[in-house]
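None of these values were measured; they are calculated from a predicted model.
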Amino acid sequence: MNQVETKDSVKEVIELLSQIENDYTVPKNVRSKVKYAYVALQDATKSLAVRIDKSLQELDEISDDPNMPIYTRTQIWNVVSMLESIE
């Protein structure tokens with residue numbers, strides 16, 4: 001994956017995380033973790049690999065939350081897949 005494709009993929013992931021974060025049908029604790037993942041991806045002081053790893057850690061913590069709506073869980077799995085394909 002070249003640098004332009006990588007930047008576009010990261011932007012797409014950030015947009016998806018933003019949508020989840022702003023969805024008020026999602027439990028607050030899940031939205032909070034999604035926000036941490038979102039912020040981690042935007043931290044320009046760290047390398048892309050570190051930002052992706054931190055974001056994946058945050059998303060992994062909530063992926064099995066029993067209170068999460070099924071469609072949100074699917075969205076998070078898609079985001080995780082996208083992030084793993086960037087690495």
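- With contacts defined as side-chain heavy-atom distances shorter than 4.5 Å, the pair V10/L48 qualifies.
- Across S55 and A40, no two heavy atoms sit closer than the pair N-CB, 4.2 Å.
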Let me see the working for I76 and I62 under side-chain contact (heavy atoms from CB on, under 4.5 Å), right down to the final yes or no.
CA-CA 9 Å; I76 289 179; I62 59 170; 3.6 Å; yes
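- Residues K54 and L41 fail the side-chain proximity criterion, which asks for heavy atoms closer than 4.5 Å.
- Applying the salt bridge (charged side-chain N to carboxylate O under 4.0 Å, His left out) test to residues at least two apart or on different chains, none of the pairs has a partner in residues 14-27.
- Scanning for salt bridge (Lys or Arg N to Asp or Glu O under 4.0 Å) contacts around E61 gives K33, with sequence neighbours left out.
- Formation of a donor-acceptor pair under 3.5 Å by the R51 side chain with backbone atoms of Q42 is not found in this model.
- Judged purely by atom type and a 3.5 angstrom limit, R31 uses its side chain to pair as donor or acceptor with the backbone of V26.
- I20 is connected to L56 through a chain of hydrophobic side-chain contacts under 4.5 Å among Ile, Leu, Val, Met, Phe, Trp and Tyr, so both are in one cluster.
- Considering only heavy atoms from C-beta on, L17 comes within 4.5 Å of L59 through its side chain.
- Contact check for Y71 versus T25: side-chain heavy atoms found under the 4.5 Å cut-off.
- Hydrophobic clustering of Ile, Leu, Val, Met, Phe, Trp and Tyr side chains at less than 4.5 Å, counting indirect connections, unites L83 with V30.
- With respect to D43 and K46, a salt bridge is recorded, a charged nitrogen being found less than 4.0 Å from a carboxylate O.
- Checked by atom type and distance alone, the side chain of T72 never pairs as donor or acceptor with a backbone atom of M68 at under 3.5 Å.
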